[in-house]
Peer 1: 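Please see the structure below; I have some questions.
We're numbering straight along the sequence, starting at 1.
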Amino acid sequence: QVQLVESGGGSVQGGGSLRLTCAASVYIYNRYCMAWFRQAPGKEREGVATIHNNGATKYADSVKGRFTISKDNAAKITLYLQMDSLKPEDTAMYFCAAQPPDWRGYCSSSLSLTEYPYWGQGTQVTVSV
């Protein structure tokens, strides 16, 4: 069972930066596709950014050019989300998610939450005006 633990959330003024970290509790190697999602109060959870097991990245239009997803390719994956030029509308609970590869070694760099069976508990990000 993969366990994911997020950290790095906090409160920041608009225009500021935060760096989120997600640590895996077991050895998931470099074969998993990983992603960040967020959920604001009263809204559905939405995909923010994904990173494929080949290193390719994908972003939601709302964060392109401001957020950067990356990972540490050690045996225990550490996933990062660098968030710059933060806006009040970025305020949400941010979740890390992991998707194991199938029998072919394939995983999907989808922004759909249904593709990810493993989730962290989330870290809160609050951006003030």
Side-chain angles (χ1 to χ4, degrees):
Q1 181 73 15
V2 175
Q3 292 184 330
L4 305 170
V5 179
E6 303 95 335
S7 62
S11 296
V12 64
Q13 285 190 329
S17 298
L18 283 173
R19 189 192 197 204
L20 305 184
T21 299
C22 171
S25 62
V26 295
Y27 289 93
I28 63 172
Y29 303 102
N30 195 28
R31 297 177 293 120
Y32 279 53
C33 286
M34 307 288 291
W36 287 98
F37 288 78
R38 67 185 181 186
Q39 187 167 18
K43 294 188 177 181
E44 293 185 352
R45 193 170 298 188
E46 63 176 1
V48 174
T50 70
I51 186 163
H52 197 270
N53 57 14
N54 64 11
T57 58
K58 181 187 292 186
Y59 298 91
D61 288 343
S62 59
V63 306
K64 279 181 182 176
R66 301 188 298 119
F67 290 11
T68 304
I69 188 171
S70 62
K71 62 180 179 175
D72 177 351
N73 290 325
K76 281 191 178 182
I77 293 290
T78 301
L79 183 70
Y80 305 99
L81 185 68
Q82 178 66 41
M83 304 185 296
D84 299 317
S85 302
L86 282 161
K87 305 175 181 180
E89 51 263 45
D90 295 318
T91 295
M93 185 74 77
Y94 283 72
F95 298 89
C96 169
Q99 178 192 151
D102 64 16
W103 64 273
R104 300 164 298 176
Y106 177 80
C107 56
S108 168
S109 56
S110 168
L111 286 171
S112 171
L113 58 87
T114 59
E115 297 286 342
Y116 298 86
Y118 302 114
W119 292 83
Q121 294 300 307
T123 185
Q124 178 66 38
V125 171
T126 302
V127 184
S128 59
V129 176

Peer 1: What residues form a side chain to side chain donor-acceptor pair (under 3.5 Å) with Gln82, not counting sequence neighbours?
Peer 2: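 Partners of Gln82 by the side chain to side chain donor-acceptor pair (under 3.5 Å) criterion, ordered by chain and then number, come out as Asp84.
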Peer 1: Kindly give the heavy-atom pair with the smallest separation between Trp119 and Tyr116, and that separation in Å.
Peer 2: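 Closest heavy-atom pair between Trp119 and Tyr116: NE1-O, 2.7 Å.
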Peer 1: Mind checking the CG-CZ spacing from Asn54 to Arg31? Nearest 0.5 Å is all I need.
Peer 2: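 One gets 14.5 Å once the value is rounded to the nearest 0.5 Å.
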Peer 1: Tell me whether Gln121 at atom CD has more than 12 heavy atoms from other residues, nucleotides or ligands lying less than 6.0 Å away.
Peer 2: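 Counting neighbours around CD of Gln121, 12 or fewer heavy atoms of other residues, nucleotides or ligands fall under 6.0 Å, so no.
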Peer 1: Once side chain to side chain donor-acceptor pair (under 3.5 Å) is applied, do any residues pair with Asn53, and if so which ones, sequence neighbours excluded?
Peer 2: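 Testing Asn53 for side chain to side chain donor-acceptor pair (under 3.5 Å), a comparison that skips the adjacent residues, returns none.
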Peer 1: Distance check, rounded to the nearest 0.5 Å: Thr21 atom OG1 versus Glu6 atom CD?
Peer 2: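 So the OG1 of Thr21 and the CD of Glu6 are separated by 10.5 Å.
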Peer 1: Can you pull out every disulfide bond (SG atoms under 2.5 Å apart) where at least one residue sits in residues 92-129? Sequence neighbours excluded, please.
Peer 2: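 Checked against disulfide bond (SG atoms under 2.5 Å apart) - neighbours excluded - the pairs reaching residues 92-129 are Cys22-Cys96, Cys33-Cys107.
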Peer 1: Please say yes or no: joined through hydrophobic side-chain contacts below 4.5 Å, possibly via intermediate residues, are Met83 and Phe37 part of one cluster?
Peer 2: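 They do not share one cluster, since no chain of ILVMFWY contacts under 4.5 Å joins Met83 to Phe37.
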Peer 1: Are more than 12 heavy atoms, taken from residues, nucleotides or ligands other than Gln13, located less than 6.0 Å from that residue's CD atom?
Peer 2: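 No, CD of Gln13 has 12 or fewer neighbouring heavy atoms, counting only those of other groups under 6.0 Å.
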Peer 1: Scan Leu79, Val48, Leu20, Val63 and name whichever one has a side chain to side chain contact (heavy atoms under 4.5 Å, CB included) with Ile69.
Peer 2: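 Testing each of Leu79, Val48, Leu20, Val63 against Ile69, the sole residue satisfying side chain to side chain contact (heavy atoms under 4.5 Å, CB included) is Leu79.
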Peer 1: Judged by atom type as modelled, is there a donor-acceptor pair below 3.5 Å linking the side chain of Lys71 to the main-chain atoms of Ile51?
Peer 2: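 Side chain of Lys71 to backbone of Ile51: no pair is present.
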Peer 1: Applying ring pair (Phe, Tyr, Trp, His ring centres under 6.0 Å), can you list everything that pairs with Tyr94, at least two apart in sequence or on another chain?
Peer 2: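 Here no residue qualifies.
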Peer 1: Can a donor-acceptor pair be found, under 3.5 Å and without considering hydrogens, that links the side chain of Ser109 to the backbone of His52?
Peer 2: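 Such a contact is absent between Ser109 side chain and His52 backbone.
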Peer 1: Any idea which heavy atoms bring Pro117 and Pro100 closest together, and the distance?
Peer 2: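 The answer is CG-CD, 3.6 Å.
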Peer 1: Does the distance from a Lys or Arg side-chain N to an Asp or Glu carboxylate O, for Lys87 and Asp90, drop under 4.0 Å?
Peer 2: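 Here Lys87 does not pair with Asp90 in a salt bridge, since their nearest N and O are not under 4.0 Å apart.
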Peer 1: Under the criterion side-chain contact (heavy atoms from CB on, under 4.5 Å), I'd like the reasoning laid out for Thr68 against Tyr59: C-alpha separation, chi angles, the key distance, then a yes or no.
Peer 2: CA-CA 8 Å; Thr68 304; Tyr59 298 91; 3.8 Å; yes
Peer 1: Residues two or more places apart in sequence or in another chain: which of them pass side-chain contact (heavy atoms from CB on, under 4.5 Å) with Glu115?
Peer 2: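 With neighbours one apart ignored, the set is Gln99, Ser108, Ser110, Ser112.
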Peer 1: Do Trp36 and Phe67 have their ring centres less than 6.0 Å from each other?
Peer 2: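 Aromatic pair excluded; centres sit 6.0 Å or further apart.
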Peer 1: Could you walk me through whether Phe95 and Leu4 satisfy the side-chain contact (heavy atoms from CB on, under 4.5 Å) test, starting with their C-alpha distance in whole Å, then the side-chain angles of each, then the deciding distance to 0.1 Å, before giving a yes or no?
Peer 2: CA-CA 9 Å; Phe95 298 89; Leu4 305 170; over 6 Å; no
Peer 1: Could you tell me the separation between the CZ atom of Arg38 and the CZ atom of Arg45, rounded to the nearest 0.5 Å?
Peer 2: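 Result: 13.0 Å between the selected atoms.
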Peer 1: Do the side chains of Val2 and Met34 join up, straight or via other hydrophobic residues, at under 4.5 Å, putting them in one cluster?
Peer 2: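 Val2 clusters together with Met34.
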Peer 1: Does any N or O in the side chain of Arg66 come within less than 3.5 Å of the main-chain N or O of Ser85, such that one atom is a donor and the other an acceptor?
Peer 2: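 Checking the backbone N and O of Ser85 against the side chain of Arg66, a donor-acceptor pair under 3.5 Å is found.
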Peer 1: Not counting sequence neighbours, which residues clear salt bridge (Lys or Arg N to Asp or Glu O under 4.0 Å) with Arg19? List them please.
Peer 2: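 Checked Arg19 against salt bridge (Lys or Arg N to Asp or Glu O under 4.0 Å); zero matches.
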